[in-house]
J.: 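Let me give you the structure first, and then I'll get to my questions.
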Amino acid sequence: MNAPKNILLMSRRAPYGSSAARDLLDIALTCSVFEQSVALLLLDDGVLQLLTNQDPQVIQQKNLNSLQSSLSLYDIEQIYVDADALTHHGIRHSELHLPVTLLNKVEISQLIANSDVVLTV
Amino acid sequence: MNAPKNILLMSRRAPYGSSAARDLLDIALTCSVFEQSVALLLLDDGVLQLLTNQDPQVIQQKNLNSLQSSLSLYDIEQIYVDADALTHHGIRHSELHLPVTLLNKVEISQLIANSDVVLTV
Amino acid sequence: MIFTVVVHASPCQNAAPESALRFCKALLSAGHTLHRVFFYRDGVFNGNQLISSPPDELNTMRAWQALAEEHSIDLVICIAAAIRRGVLDSTEAKRYEQNQTNLAEKFNLSGLGQLVEACILSDRVITFGGQG
Amino acid sequence: MIFTVVVHASPCQNAAPESALRFCKALLSAGHTLHRVFFYRDGVFNGNQLISSPPDELNTMRAWQALAEEHSIDLVICIAAAIRRGVLDSTEAKRYEQNQTNLAEKFNLSGLGQLVEACILSDRVITFGGQG
Amino acid sequence: MTSLHTLNQAPSNASLMQSCLSSLQPDDTLLLIEDGVYWLLDTHRAKFPIALNIKALRLDAQARGLLPLVPEVDLIEMDEFVHLSVTHDKIVSWF
Amino acid sequence: MTSLHTLNQAPSNASLMQSCLSSLQPDDTLLLIEDGVYWLLDTHRAKFPIALNIKALRLDAQARGLLPLVPEVDLIEMDEFVHLSVTHDKIVSWF
């Protein structure tokens, strides 16, 4: 058995306009099932995936907030957010649905550097 | 028989990375067959569609320059290019494959205003 | 007024087809006429019969069919785009030597001329597209 | 080295699948191993049997098949993404009560676990994607 | 002739918004749909010209959790989308 | 660990390039592929840090008519793409 890898899942996409946010979560849950160390990194419009109060039933889509809430059940706790992107959108940390770690640009580049595999969605 | 409409076909996309450029030309030729007045407007990365010296055989795609050359056979002469976009990419008028009319932002907004139908690709 | 709606994006990965559907329903509710829905580029995947959606999600293909059923809407798929992407009725399947088909009922394959004709005959044309 | 290649985009509208193909050929020429090609999201359309391309254009689906034939490559299509988008083999067609199929030979439907397993077993993983 | 402009991409696509804004005539309307509704967030909206006629689809804003964060007065229903497409002479789609 | 970054979108997607550039470490390489090769045009390239290791796929540049317009020294073949993905510890794809 190989040692667990550090898999980083990265997304820059807003939710619902495309399926990227949901597809990212599906990979994350699968990584967890395979007992890999998985981290999520949300950049640019990707930070919008974490806004609270989502109500996508009105456009007949699954609620991402509910899926996000299940991440901790799978021991996925490393959720990293680009602090500059939050500022860019004028969103406060408290308006996010999950506990996250804010990173600056240098920390983001180090997170990428320290990962074994990076998957983009 | 209705009077011919002024149909404006607009694209902001670079060629080959997506099929937008080719799909735009296909609509243009069809408009001409239906004897409508058709104009092309290329904005942003769309101006890159007109670069000369394209050689997409190496990536097994059809050469857009050849398709573009056939536009005049269909009496499609109104090809408008965003002058600012050319400047942005540092491309000279002489590096374009077809004779085009350069427009500034005000002229672009007037061209859109004066069209009966605008189709985006 | 007479409307034509153009769809450039595939369902699942893109919200554009669902927006287009809601717009069609709203214009019909307001008493307007929907001359045609024209599916171009990756939009041709809207007419793929083989799509199955989870029970709590919208099946866009079935929703188009239901709309066509209720209001006799002309759902036209660009034939050239469909052949490149593999969305075939039985005529095209025969022509391209395929022994399976996947074009959903209520959708028809036809040429880009149907888009241009719709532009000529409609008071308003609106495109729903995505990146790519 | 052992590579895995991931493809997120559909052919026709997007250059990513063709880039992925060229990359696969180049790594095999260099003597590396291609553990798997995994098709996710709209990438599942790469395995649509019903695609026909004009004679002077690349048929990406056939090119993947030829690669798999020559080098025994594992071409895996994400089953959940494929069912939503309507790319079915005969088992799934039966399960979803469809009487046609369109999964091309040499491609196999399987779960996202095949992507994660590939990440574990490969030295390098590279994704080819597009907007959307 | 007037135009209704629709725009469906999130704020990282700044060049799309720039092209759209510079093509607007005074009597045109900009309608934000799908991921375009995020442009209503204060930090983005502040960059728009004051005289701009701007609206966004309520359904898309509600789906994305934006109702507490954006001005109620800018939100419209689907029937108003249809109405705007009738009262303007044509529709220009930015995507 | 070093990364090979690939980027495949044209210059109107400025925020993608910005995210990519700010995530680069000194020993990383940026490889422009597909529509990403347009970033090699002088006006765009001038904005990159001088120390950046940057390459672009020749096939994609040739297809798009860029050979007369971009520096020959930056162009690489497919086998060098594979080589770069071996000599870096992982690949990060920006699209």
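Each chain gets a letter, A, B and so on, in the order its sequence line appears, and its residues count up from 1.
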J.: Should the pair F:R58-F:E72 be classified as a salt bridge under the 4.0 Å nitrogen-to-oxygen rule?
T.: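 Looking at F:E72 together with F:R58, the answer is yes, because their closest N to O distance falls below 4.0 Å.
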
J.: Consider side-chain hydrogen bond (donor to acceptor under 3.5 Å, both in side chains). Of F:D89, F:D27, F:T29, F:D28, which one does F:T2 pass it with?
T.: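 Result for side-chain hydrogen bond (donor to acceptor under 3.5 Å, both in side chains) with F:T2: F:D89.
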
J.: What part of F:S3 lies closer than 4.5 angstrom to a heavy atom of chain A: side chain, backbone, both or neither?
T.: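 Contact with chain A is through the side chain of F:S3 alone.
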
J.: Measure up the F:H5 and F:W94 rings against each other and bin them: parallel (under 30°), tilted (30 to 60°), perpendicular (over 60°).
T.: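 Taking F:W94 first and then F:H5, their aromatic rings lie parallel (interplane angle under 30°).
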
J.: Using non-hydrogen atoms and a 4.5 Å limit, figure out which bit of A:I112 sits close to chain F: side chain, backbone, both or neither.
T.: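 Contact with chain F involves both backbone and side-chain atoms of A:I112.
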
J.: Answer with side chain, backbone, both or neither: which region of F:I91 has an atom nearer than 4.5 Å to a non-hydrogen atom of chain A?
T.: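 Looking at F:I91, just its backbone touches chain A.
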
J.: Considering only NZ, NE, NH1 and NH2 on the basic side and carboxylate oxygens on the acidic side, decide whether A:R13 and A:D44 come within less than 4.0 Å.
T.: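 No, A:R13 and A:D44 are not salt-bridged.
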
J.: Can you tell which of A:D116, A:L111, A:D84, A:I108 has the highest number of heavy-atom pairs within less than 4.5 Å of chain F?
T.: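 Max contact count across the listed options: A:D116.
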
